[in-house]
Chemist: 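Next up is a structure, given as structure tokens.
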Protein chains: 4
Amino acid sequence: MSPRTSEQYEEIRESKRKLILDTACKLFANHGFYDTSISMITKTAGISKGLIYNYFESKEQLLKSLVFEGLTEFHKNFDLDHDGILSHKELKIYIDEYFNLLDKNREFWKLYFAIIIQPPVLKLVEKEMMEFSAPMVVILFNYFKDNNYEDPQAEMEFFSAILSGIAIKYLNAPEYFHLDKLKKKILSLYPNNKNGSTTNLIGEK
Amino acid sequence: MSPRTSEQYEEIRESKRKLILDTACKLFANHGFYDTSISMITKTAGISKGLIYNYFESKEQLLKSLVFEGLTEFHKNFDLDHDGILSHKELKIYIDEYFNLLDKNREFWKLYFAIIIQPPVLKLVEKEMMEFSAPMVVILFNYFKDNNYEDPQAEMEFFSAILSGIAIKYLNAPEYFHLDKLKKKILSLYPNNKNGSTTNLIGEK
Amino acid sequence: MSPRTSEQYEEIRESKRKLILDTACKLFANHGFYDTSISMITKTAGISKGLIYNYFESKEQLLKSLVFEGLTEFHKNFDLDHDGILSHKELKIYIDEYFNLLDKNREFWKLYFAIIIQPPVLKLVEKEMMEFSAPMVVILFNYFKDNNYEDPQAEMEFFSAILSGIAIKYLNAPEYFHLDKLKKKILSLYPNNKNGSTTNLIGEK
Amino acid sequence: MSPRTSEQYEEIRESKRKLILDTACKLFANHGFYDTSISMITKTAGISKGLIYNYFESKEQLLKSLVFEGLTEFHKNFDLDHDGILSHKELKIYIDEYFNLLDKNREFWKLYFAIIIQPPVLKLVEKEMMEFSAPMVVILFNYFKDNNYEDPQAEMEFFSAILSGIAIKYLNAPEYFHLDKLKKKILSLYPNNKNGSTTNLIGEK
DNA sequence: CATGAATGAGGATTCATTCAT
DNA sequence: CATGAATGAATCCTCATTCAT
């Protein structure tokens with residue numbers, strides 16, 4: 001009968017919020033953003049239609065939060081010691097983690113790629129995305145430069161293209177794409193040749 | 001006084017049809033299928049709302065035609081002599097043409113990737129796409145097998161992942177991705193080693 | 001090469017007009033007025049969409065003509081000698097012809113009843129219909145009065161209700177309603193009792 | 001502060017639902033199904049266009065509900081003790097009630113006849129109607145059989161034709177058709193002659 | 001914190017009609 | 001006399017969002 005403590009409220013809010021985010025992620029990923037209605041989300045989550053606006057300003061804000069929080073988790077696994085320098089070991093861990101998460105959070109990544117491909121949707125989350133990807137680009141570039149790759153810029157472009165390509169293909173047809181083999185293959189392309197390798201991948205002498 | 005000849009009608013229909021397809025392609029590619037309204041298309045094309053239904057049964061059919069005709073043009077450049085076997089030269093031509101068209105029909109390819117990533121939209125054109133991609137998969141697999149790649153399946157997956165990845169990255173940020181360098185790089189990954197190469201890319205013997 | 005004579009033109013016009021009317025009648029009857037589009041009519045008749053407006057001012061006018069001409073044919077069979085007086089023999093002929101036409105022009109009658117039941121459609125052809133039905137009402141009333149029916153007005157109402165009811169039921173489910181038996185039954189209700197019958201149908205003394 | 005109780009919601013829904021049904025009935029009856037737009041209904045009912053879909057899945061479903069509920073009320077008055085057998089008293093009550101409701105629910109019956117006469121509309125509610133009319137047909141047939149009518153089938157057809165005919169005529173021109181007189185007349189046609197009547201209506205022995 | 005009835009702008013689509021040829 | 005491309009108002013329906021409770 002006595003009012004709930006603010007801790008209890010906080011707890012309720014947090015779990016409801018997570019419920020909404022998880023539900024929305026699954027639906028957005030499988031039906032697309034525009035094909036998922038607020039009704040679908042609230043019905044699936046088992047809450048009332050009004051409640052969702054108690055937690056998120058709008059459908060767009062909900063998407064933003066979704067992406068932001070997903071990327072946050074992802075980037076925890078990049079440049080692990082946060083010194084701005086990517087060691088070869090960190091690169092391998094990064095690749096490893098990339099493939100792990102791809103498999104684990106398939107829903108989220110489907111959503112992610114659906115977003116970055118649609119300009120008007122992308123614009124909604126552009127800022128958040130940039131904040132994450134900009135430093136990554138720099139760090140990757142430096143890695144290839146520091147490891148004596150002939151054209152670090154091209155190498156970086158190629159590297160990120162491969163990762164994106166595998167993701168897209170796998171997310172789209174998980175039963176036909178073999179993540180483990182592809183991971184091995186990509187790792188073989190980027191061996192530990194920090195000290196003066198003469199056979200980097202852009203151009204053979 | 002007399003009605004138009006059927007040639008005149010044919011001409012009108014052909015050019016108007018193309019106008020609608022082109023307009024729709026551009027808009028679908030940049031705004032997404034669901035975020036492009038029929039009104040937007042007709043307004044952009046400078047025609048009345050009703051006219052579009054004189055040429056296409058529905059918005060979905062319009063999309064299907066778009067995809068079908070785009071893929072048809074693309075696949076003209078694959079396995080050029082249509083013998084079901086891909087020579088190394090044909091592979092190189094294919095890659096070359098892939099990059100050409102990527103640049104030339106940027107709108108179409110944006111649309112293409114936007115589609116395959118959105119489940120509800122993909123479902124609309126799944127059949128059309130399968131008809132094109134299924135034979136390609138077989139031909140590519142055979143290429144890698146015939147050229148003694150250790151794991152043709154993985155190689156094929158990797159190859160198509162790279163192509164898709166480059167496309168996505170480039171289409172999304174053409175100013176930051178250098179197609180020519182990436183093309184050179186990918187060509188270097190697939191040299192003419194038909195006769196017993198000992199250094200294929202999956203794993204050294 | 002020489003221009004057609006005006007007789008030939010007239011002939012063409014007449015047969016085209018009939019083609020349109022017949023086609024429209026069939027379609028209106030089976031699909032309803034609002035569910036039959038001009039396109040359906042022209043396509044079924046094998047003519048161009050524009051042509052129909054060469055013969056009829058509008059879809060509504062087409063309906064009006066249809067009803068007007070149908071009723072004209074029907075009413076030729078009523079009060080055969082046009083003296084304003086209905087003999088018993090003429091009544092029998094009328095009933096007989098009513099059942100004949102019901103069966104023969106089922107399409108038209110379906111349309112007719114669909115029309116009189118829908119006020120806004122009825123309004124379109126109200127004038128034409130009144131011109132036909134008003135004199136009939138008078139003549140029927142006189143028949144029952146002259147034949148000493150106790151309440152000619154009620155008798156007339158009842159008589160026309162029966163005819164309409166049979167029509168509606170039969171048109172709606174021709175396989176379940178047996179016109180010949182119903183005709184016999186109705187004839188038995190209106191025997192030749194012109195000369196002082198003591199057992200008319202409204203009320204026994 | 002707290003949400004409405006579910007009783008409150010129930011009340012709101014019930015009354016609004018009825019408002020929509022009543023409004024739609026009136027409009028459908030007087031303008032026809034296809035000529036009544038959702039806008040007309042909502043404007044007349046004083047609600048927003050979207051709300052109607054909160055209560056009915058579609059325009060068709062609205063019609064179905066209308067017919068179903070109208071017929072349900074009507075059939076409460078048929079075969080009152082629900083033993084599958086129609087006594088003469090029940091027949092009289094039925095006829096009586098038929099005329100009562102005809103007058104009371106004029107809108108509904110106008111709608112009813114408008115529906116059964118328009119094939120595409122009829123198809124929408126065919127199933128609902130059949131469920132009601134099929135048992136009635138059997139019961140009526142048995143009535144005429146059990147009461148020694150010579151041709152029960154024809155008698156049943158005739159009986160239902162009369163009822164329909166009167167309805168149509170009356171609904172169409174209530175000022176010109178005298179329900180009470182017609183009722184008396186029809187009752188006189190079906191006297192209580194259960195025990196071996198020698199003067200049934202189809203044909204004298 | 002939670003409910004769901006209510007809104008209305010906007011979506012895809014249809015169709016009677018016009019008109020240049 | 002005949003054609004069919006073109007118009008645009010009107011249709012049914014969806015859905016993010018609001019708000020009284």
Side-chain angles (χ1 to χ4, degrees), chain A residues 3-4 8-10 12-13 16 34-43 47-60 62, chain B residues 1-6 8-13 16 34-42 46-60 62, chain C residues 3-4 8-9 12-13 16 34-43 47-60 62, chain D residues 1-6 8-13 16 34-42 47-60 62:
Chain A
R4 270 176 274 227
Q8 284 173 310
Y9 272 128
E10 208 45 53
I12 292 174
R13 276 195 76 80
K16 271 276 151 77
Y34 289 110
D35 236 27
T36 301
S37 68
I38 292 287
S39 289
M40 276 171 73
I41 299 172
T42 55
K43 205 176 292 175
I47 59 174
S48 76
K49 226 189 310 199
L51 193 59
I52 212 169
Y53 288 91
N54 214 317
Y55 289 87
F56 299 94
E57 228 171 47
S58 66
K59 199 184 171 190
E60 295 191 352
L62 174 55
Chain B
M1 274 304 178
S2 61
R4 287 190 186 85
T5 65
S6 54
Q8 283 173 305
Y9 281 129
E10 201 51 49
E11 227 172 85
I12 291 173
R13 286 194 71 81
K16 196 105 328 164
Y34 287 115
D35 225 26
T36 301
S37 69
I38 293 287
S39 290
M40 278 171 71
I41 299 173
T42 55
I47 60 174
S48 74
K49 225 186 317 187
L51 190 60
I52 211 169
Y53 290 93
N54 211 320
Y55 290 85
F56 299 93
E57 237 170 41
S58 64
K59 200 183 169 191
E60 293 191 1
L62 174 55
Chain C
R4 270 177 272 227
Q8 284 174 308
Y9 273 128
I12 292 174
R13 277 196 74 79
K16 271 277 151 77
Y34 288 111
D35 236 28
T36 301
S37 67
I38 293 286
S39 290
M40 276 170 74
I41 299 172
T42 55
K43 204 175 294 174
I47 60 174
S48 75
K49 227 189 310 200
L51 191 59
I52 212 169
Y53 289 90
N54 215 316
Y55 290 86
F56 300 93
E57 229 172 46
S58 66
K59 199 184 170 190
E60 295 191 353
L62 174 54
Chain D
M1 271 302 177
S2 60
R4 284 192 188 82
T5 65
S6 55
Q8 283 173 305
Y9 281 129
E10 202 51 48
E11 227 172 87
I12 292 173
R13 285 193 74 80
K16 196 111 315 170
Y34 287 116
D35 226 27
T36 301
S37 70
I38 292 287
S39 290
M40 277 171 73
I41 299 173
T42 54
I47 60 174
S48 75
K49 224 186 317 187
L51 190 60
I52 212 170
Y53 291 94
N54 211 319
Y55 288 86
F56 299 94
E57 238 171 39
S58 65
K59 201 184 168 189
E60 293 191 2
L62 173 55

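Order of the sequence lines sets the chain letters (A, B, ...), proteins ahead of strands, with each chain counted from 1.
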Chemist: Among E/dT3, E/dT13, F/dC13, which nucleotide sits nearest the side chain of D/Tyr9?
Modeler: E/dT3
Chemist: So does D/Asn54 get a side-chain nitrogen or oxygen closer than 4.0 Å to the phosphate oxygens (OP1/OP2) of E/dA5?
Modeler: yes
Chemist: Between C/Tyr55 and F/dA2, is there a side-chain N or O to OP1/OP2 distance below 4.0 Å?
Modeler: yes
Chemist: Separation of A/Glu57 atom CD from F/dT18 atom C1', in whole Å?
Modeler: 14 Å
Chemist: Of the options F/dT17, E/dA5, F/dA5, whose atoms approach the side-chain atoms of A/Ile38 most closely?
Modeler: F/dT17
Chemist: The side chain of C/Lys49 lies closest to which of these nucleotides: F/dG4, F/dC13, F/dT7?
Modeler: F/dG4
Chemist: For F/dA2, which nucleotide in any strand shown is its Watson-Crick or wobble partner with both distances under 3.5 Å?
Modeler: E/dT21
Chemist: On DNA chain F, compare the nucleotides closest to D/Gly50 and A/Ser58; which residue's is nearer the 5' end?
Modeler: D/Gly50
Chemist: What integer distance in Å separates C/Tyr34:OH from F/dT11:P?
Modeler: 11 Å
Chemist: Distance from A/Ile47 atom CD1 to A/Tyr55 atom OH, nearest 0.5 Å?
Modeler: 8.0 Å
Chemist: Heavy-atom nearest nucleotide on DNA chain E for D/Ile47 versus C/Ser39: which residue maps closer to 5'?
Modeler: D/Ile47
Chemist: Over how many whole Å does the gap from C/Phe56 atom CZ to E/dT17 atom P extend?
Modeler: 13 Å
Chemist: Roughly how many Å is it from CD1 in D/Ile41 to C1' in F/dT11, rounded to a whole number?
Modeler: 12 Å
Chemist: Any strand counts, and the cut-off is 3.5 Å on both contacts for Watson-Crick or G-U wobble. Which nucleotide pairs with F/dA16?
Modeler: E/dT7
Chemist: Consider the side chain of B/Lys16, meaning its heavy atoms from C-beta on, and name the nucleotide among F/dA6, E/dC1, E/dT13 that approaches it most closely.
Modeler: F/dA6
Chemist: E/dA6, E/dT21, F/dG4: which one has an atom nearest the side-chain heavy atoms of C/Ser48?
Modeler: F/dG4
Chemist: Could you give the CD1-to-C1' distance, from D/Ile52 to F/dT14, as a whole number of Å?
Modeler: 14 Å
Chemist: The side chain of C/Ser37 lies closest to which of these nucleotides: E/dT17, E/dC15, F/dA16?
Modeler: E/dC15
Chemist: Separation of D/Glu11 atom CD from E/dG4 atom P, in whole Å?
Modeler: 16 Å
Chemist: Looking at A/Tyr53 and F/dT18, is any side-chain donor or acceptor paired with a base atom of the opposite kind under 3.5 Å?
Modeler: no
Chemist: Using whole Å, report how far CG of A/Asp35 lies from P of F/dA16.
Modeler: 10 Å
Chemist: Look up atom OG1 in B/Thr36 and atom CD1 in B/Ile41, then write down how far apart they are to the nearest 0.5 Å.
Modeler: 6.0 Å
Chemist: Rounded to the nearest 0.5 Å, what's the gap from NZ on C/Lys49 to OG on C/Ser37? Could you check?
Modeler: 8.0 Å
Chemist: Let me confirm one number: the NZ-CG distance from D/Lys16 to D/Leu51, rounded to the nearest 0.5 Å.
Modeler: 6.0 Å
Chemist: Does a side-chain heavy-atom distance below 4.5 Å link B/Lys59 with B/Ile52?
Modeler: no
Chemist: Taking only N and O in the side chain of D/Lys59, is any of them less than 4.0 Å away from OP1 or OP2 of F/dC12?
Modeler: yes
Chemist: Look at the side chain of B/Leu51 and decide which nucleotide, out of E/dT17, E/dA2, F/dA5, has an atom nearest to it.
Modeler: F/dA5
Chemist: Just how far, in rounded Å, is P of F/dA2 from CD of C/Gln8?
Modeler: 13 Å
Chemist: Answer with base, sugar-phosphate or nothing: what part of the nucleic acid does A/Thr42 contact at a heavy-atom distance below 4.0 Å?
Modeler: nothing
Chemist: Give none if E/dT14 has no partner; otherwise give the nucleotide forming a Watson-Crick or G-U wobble pair with it, both distances under 3.5 Å.
Modeler: F/dA9
